[in-house]
Amino acid sequence: MKGMKIGDFILIGMIVVIAGGLFLYSQLIQLDGEGQKVVIEVDGKVMKIFDLPQPEAIEYKVQIDQDDYNLVQIEGNRVRVVEATCPEQVDVHAGWISKPGEMLVCLPHKLIIQIAGEQISDDEVDVKTF
Amino acid sequence: MKKKGIATLLVIFFIMAAAGCAKKTDEETPTIKTNFLMGTVVTVKVYGANGKTVADLVLDKLENLEKLMSVNISDSEVSKINANAGIQPVKVSEDTYEVIRRAVEYAEATDGLFDPTIGPLVQLWGIGSDHAKVPAEAEIDQVLPLINYKNVVFDAKARTVYLTQVGMALDVGGIAKGYAGDKAIEIYRENKVKSAYINIGGNVMVHGTKPDKSLWRIGITDPRASREDLMAVVELQDSAVVTSGDYERFIIRDGKRYHHILNPQTGYPIDSGIISASIFGEKSFDADALSTSVFMLGVDAGIQLAKNKGVEVMIITEDKKVIMTDGIRKSIEITNEEYAE
Amino acid sequence: MSRYSQVAYIGILVALALVLQLFENMIPMPSGLIPGVKIGLANIITLIAIIYLGFKKALLVVLLRTFMGAFLSGRFYVFMYSGSGALLSVLLMGYAYYRYQKYLSIQGISILGAVGHNVGQILVASFVINTDLIIFNYLPLLMVSAIFTGFFIGLVVQLMKKPLDSTLLGKFSQG
């Protein structure tokens with residue numbers, strides 16, 4: 001490496017330290033439950049949990065059995081089912097969901113995709129009028 | 001020199017960036033305060049660094065308004081007006097004057113169905129207090145002549161209100177809540193709050209959107225279930241949502257239910273076929289007055305009045321049918337299948 | 001070098017930066033939530049500009065290419081994101097070049113620039129999307145990757161030093 005100087009190493013060291021610090025901090029604040037998650041369940045069993053938001057678009061294939069599947073796409077703060085072998089395509093037509101309590105369902109596959117996270121109340125409303 | 005300039009630029013940049021981060025985090029912390037005011041539970045939620053200060057300002061204003069207008073406080077301005085009925089005009093503050101003045105305007109618009117001089121009747125029934133009863137017909141007949149909004153005399157220059165007959169009494173406790181909602185929004189605006197709401201005993205006023213720019217989700221209570229149960233959710237921003245229902249305050253005597261929305265012309269709880277009317281509008285005062293008015297007028301006249309006044313409405317009739325104006329349909333999601341349009 | 005030659009060189013550099021940027025856009029990079037995450041080939045130009053034309057002209061080159069780049073791509077938000085990154089990057093690199101030449105090699109300066117680029121973008125993104133999660137979730141990764149991309153860019157610039165020294169640009173900066 002042509003002409004690397006002492007400052008270079010100091011700089012790299014600082015970057016690593018700061019990056020490491022930020023990363024550790026991010027792990028800490030996650031414990032507060034700040035992060036939302038995508039929970040994918042089939043037949044009542046939890047298949048996979050993803051954190052939100054996701055920096056890169058993720059595709060996850062839920063393989064129900066030999067022929068049936070649901071292709072889940074997670075991008076940023078939202079989730080959708082891109083493609084599925086569900087007869088009525090309810091989950092695909094629903095489009096993106098992004099708020100806690102919202103869900104995508106494919107009944108024949110017994111698949112539920114939910115967003116879990118900070119909920120204000122069971123009814124997910126902020127305030128009630130009466 | 002060149003170097004110093006760059007250094008300063010960098011420093012400024014980083015300070016701004018850091019301030020930007022701090023500011024943003026602050027903007028997402030809500031302050032929630034609850035208090036018992038104006039005869040009901042009041043909840044204030046304000047996002048932002050000045051949340052606590054603003055919440056206190058709002059609650060103070062409400063306490064202020066209560067002191068001016070509550071009929072349960074013997075030296076409130078309204079109580080003084082009532083005590084001087086048939087005797088002399090009473091000078092009042094701007095807030096009180098405005099509330100009574102606008103209440104009488106609504107009385108004119110509803111031909112007296114909504115009447116702020118309904119005080120004597122409310123006192124007679126005592127619903128909501130511990131001496132609630134079903135009055136005798138004779139008692140009601142005695143009180144009815146005292147209810148007449150046309151006997152309220154205003155002097156705008158002197159800012160006085162005068163009830164012309166002895167025994168007349170104003171009751172603006174309900175409408176004062178509507179007024180308070182608008183005052184709260186004024187306070188939010190003055191203090192540059194971008195995201196907040198206030199819930200005065202079911203009168204909801206939302207300001208701005210939520211910090212993540214999504215709409216506020218307001219639950220509408222199921223009129224025939226517990227208060228925790230909803231029948232619909234409406235998503236709005238910068239709006240007032242006020243509901244009048246026959247389920248909020250009532251007494252049951254001899255198996256019959258008597259709710260608190262009294263018809264000033266018959267003296268008995270109104271029977272219009274409506275069990276719940278929710279108004280969605282810009283101003284909380286109007287929404288409040290109109291929710292009571294619509295409830296009284298019944299479905300057709302009620303919808304007409306709402307349209308005339310430029311607000312949206314959702315009515316639930318006694319057979320759980322839902323009727324709503326077109327403007328609000330896209331914002332409402334009925335969550336209980338027992339209710340349908 | 002006359003003023004006209006300078007202007008011509010600035011124009012060439014801006015054009016080259018734009019070409020590099022377009023070329024880079026064709027390389028598939030996992031960008032996900034934040035657009036503008038890239039190797040930063042255009043920083044080669046920025047660094048060259050700092051070395052051979054001085055900070056002020058380098059700043060001009062950066063501003064011009066950011067503006068034109070956003071204009072060409074047809075989306076305004078690109079301007080915000082990459083503009084903030086490029087701006088912070090040139091500021092840091094310019095400062096480092098004048099102050100710390102003794103301690104930092106070209107690669108080091110370039111690494112600083114790459115980090116600045118990412119930090120600038122993240123800050124703007126977190127402000128626009130209204131979340132500070134981005135700062136914690138992505139920045140660490142981006143910063144570490146900046147070490148590598150920065151080093152690579154720096155290496156490229158260093159390799160170009162000799163050929164450039166013998167052109168008009170080189171004589172200008174020495175004279």
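Sequence lines set the chain letters: A, B, ... in the order given, protein chains first and strands last, and positions in each chain run from 1.
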Quick one: what part of V234(B) sits under 4.5 Å from any heavy atom of chain A, side chain, backbone, both or neither?
neither
Between T129(A) and G202(B) (side chain of the first, backbone of the second, donor and acceptor by atom type, cut-off under 3.5 Å), is there such a pair?
yes
Any L230(B) side-chain heavy atom under 4.5 Å of V125(A) side chain
yes
Between V204(B) and K128(A), what is the shortest heavy-atom contact and its length?
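V204(B) and K128(A) have their closest heavy atoms at CG2-O, 3.5 Å.
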Determine which residues belonging to residues 334-341 of chain B lie within contact range of chain A, meaning some heavy atom pair is under 4.5 Å apart, and list them by number or answer 'none'.
none
Looking at residues at least two apart in the chain, or sitting in another chain, which of them share a side-chain hydrogen bond (donor to acceptor under 3.5 Å, both in side chains) with N35(B)?
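Applying side-chain hydrogen bond (donor to acceptor under 3.5 Å, both in side chains) to N35(B) gives none.
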Starting at CZ of F130(A), measure out to CG of D229(B) and round the result to the nearest 0.5 Å.
13.5 Å
Counting only heavy atoms not in R329(B), do more than 12 fall under 6.0 Å of its CZ?
yes
Does R257(B) have more than 12 heavy atoms from other residues, nucleotides or ligands lying within 6.0 Å of its CZ?
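Atom CZ in R257(B) is packed in, count exceeds 12.
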Under 3.5 Å, which donor-acceptor pairs do the side chains of residues 277-284 of chain B form with other protein atoms, sequence neighbours left out?
from, atom 1, to, atom 2, distance (Å)
S278(B), OG, T243(B), OG1, 3.0
S284(B), OG, G178(B), O, 2.7

Return the set of residues passing salt bridge (charged side-chain N to carboxylate O under 4.0 Å, His left out) with R80(A) (not counting sequence neighbours), or none when no residue passes.
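Expected list: none.
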